[in-house]
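Structure, as structure tokens:
Treat the numbers as computed from the prediction; the structure is a model and nothing was measured. Chain naming here is simple, since letters A, B, ... match the order of the sequence lines and numbering starts at 1 in each.
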There are 2 protein chains.
Amino acid sequence: MMSSLDDTSECRAEVLAIDIGGTKIATALVAADGSIRRRQVIVTAAHTSADDLAARLLDVVSGYDLAAIAGIGVGTAGPIDYRRGVVSPVNIPAWRDFPLRRCIEHSTGLPVRLAGDAVCGAVAERAIGAAQASEWAIFMVLSTGVGGGYIADGKVLAGRLGNAGLVGHMVVHPGGERCACGQLGCLEVYASGPSLVRRARAIGWVGDHPAELLAACRAGDALAAQVVETAADAVALAIAQAAASLEIELAVLGGGVMRSHDVMLPAVRNAVARRMRDGVVSPVNVVGAHHSDDACLIGAGLIVHRPDLLTLSSRNNAAEL
Amino acid sequence: MMSSLDDTSECRAEVLAIDIGGTKIATALVAADGSIRRRQVIVTAAHTSADDLAARLLDVVSGYDLAAIAGIGVGTAGPIDYRRGVVSPVNIPAWRDFPLRRCIEHSTGLPVRLAGDAVCGAVAERAIGAAQASEWAIFMVLSTGVGGGYIADGKVLAGRLGNAGLVGHMVVHPGGERCACGQLGCLEVYASGPSLVRRARAIGWVGDHPAELLAACRAGDALAAQVVETAADAVALAIAQAAASLEIELAVLGGGVMRSHDVMLPAVRNAVARRMRDGVVSPVNVVGAHHSDDACLIGAGLIVHRPDLLTLSSRNNAAEL
């Protein structure tokens, strides 16, 4: 019988956090206050087999002092099914319905909790970041993709299987550009880093990196400004949806694109004011995230330290809770 | 000191439910199984004063045997602030920040719980209707307006102040027609009963009532079919948003427009299939509501019988819980 994750005394110990992304896996020890140490990174090759990749991860995990660890939290690219403890990260083709939770539990003897990466990020911002004072909020990551998490009554909504907060695939322009996912006009088509660059190049801008584009916008480049404004408006539409559906009062924006927050924050705030100006929906405050780079890793630790900040399905997940 | 709403023994008794709409107020006794009796209706005139309207309501309320009642549940048109217990229904100009909860509590000596009308409807469908088996769902009312409620982990999300589920004012077409609320392209502009008629008449259809329009669609009228398809697509976009944001598996559609469910349900299902076909978002089942006409009244009773089915803000509402 594994020890419970909810034992208060254990919550004082450190948690091993694992952040599984498309190109790399990060691990670290996370304390209850969110501080991290002993970070390690594994670069994942696209052609690794399921078992090889798991073996590399378990090798790194076994290098930590497992006897001193309260539990293991995993934040992962999706889709996932946390009820079964399986993951199928889009960018890790070797793992399809891969039983990651059981795999790590068997190897370590420690209890493992699993959530989506952006859900973990939202937990980090809720616990020790920009959403500490807000119980109804949306967290958005503008990065290579666009993800997020909804905070309702102070808790991040993990969703039925753990895949809530897929804000990158909210349709903001129904007749818009086709997304890689197949839908038309997803937020990600307008507001991810690669989309910013692609859309700017399509209208004649010359450059390769989102940071360059945002710098060009800062310097007054009209093409760059046009693309940034479209992105900001798309983000504002997603924020307005969250306000109409869940009566949120706060939007927390993180991810690589938001490193240029001096450009992005005013653009999104203006778009939100324009879109929601006359509406019956309550106004939303827009702020930058506190933990852009480490939000998922910190959050993967905090879902073990602070399970009260996460709404998982209460049904069919005895193994989880 | 008023008795607690959460006492199990009291939950066996009946609750007085009050459904406050734009043109009428309905009251009834609601049992724990959702059955209703002794219904009464007050027609509200637009020019009544705040106190006159309250006095008429309290007069009806005092006609019930209050000694046999466990508590009072109010479902009301919004906006509301349930933390303060005040209501400002758009179509009742006499009530602006009107302290309805305190007013009824003082008059009756009974505890009063307050929620939005569509939130109450969602509670009814969750407790004894089409969403009984689903813990992640959206409820939508297509009626004079469009409202709704989100069900997450089995509970209806009331929102920060009680105004969540404002699905009628989700922007589905950002460059679309202006809504009465001021925003462009709200769902309500495409899918409410009056909008169906207005949009059909604008392209040459002759008729006055949504039911006529849906009958014309059923009979093969091309203009009617075009308007219904646009409405169904707008509803599908809102369902897709809910699926991306909260990973819902079920959409429950109610309200007057859905009385023609043989026309509307297939249209919405086709639109959902088309919109979400290739996406990464999990599929959503679309069904009709079980309690179209009485959902709010039943739900107003059930928020007292079953407070466990409602997520209110846990902070700042000692008076409520």
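In this structure, the side chain to side chain donor-acceptor pair (under 3.5 Å) partners of A:Arg198, at least two apart in sequence or on a different chain, are A:Glu177, A:Ser195.
Both the backbone and the side chain of B:Pro174 come within less than 4.5 Å of a heavy atom of chain A. Only the side chain of B:Leu237 comes within less than 4.5 Å of a heavy atom in chain A; its backbone stays farther off. Only the backbone of B:Val172 comes within less than 4.5 Å of a heavy atom of chain A; no side-chain atom from C-beta onward does.
B:Lys155 and B:Glu135 are not joined by a salt bridge, as no carboxylate oxygen comes within less than 4.0 angstrom of a charged side-chain nitrogen. Look at A:Asp97 and A:Arg84 and you find a salt bridge, because one of the NZ, NE, NH1 or NH2 atoms lies within 4.0 Å of a carboxylate O, short of that distance.
Options A:Val167, A:Ile248, A:Asn163 differ in how many heavy-atom pairs under 4.5 Å they form with chain B, and the most are formed by A:Asn163. For the set B:Val90, B:Asp233, B:Leu166, the count of heavy-atom pairs under 4.5 angstrom toward chain A peaks at B:Leu166.
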### Message
I'd like to know whether A:Ser282 forms a side-chain contact (heavy atoms from CB on, under 4.5 Å) with A:Glu247, so could you lay out the CA-CA distance, the side-chain angles of the two residues, the decisive distance to 0.1 Å, and finally the verdict.
### Response
CA-CA 7 Å; A:Ser282 306; A:Glu247 205 182 10; 4.1 Å; yes

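Of all non-hydrogen atoms in B:Ala251 and B:Ile239, the two that sit nearest each other are CB-CD1, 3.6 Å.
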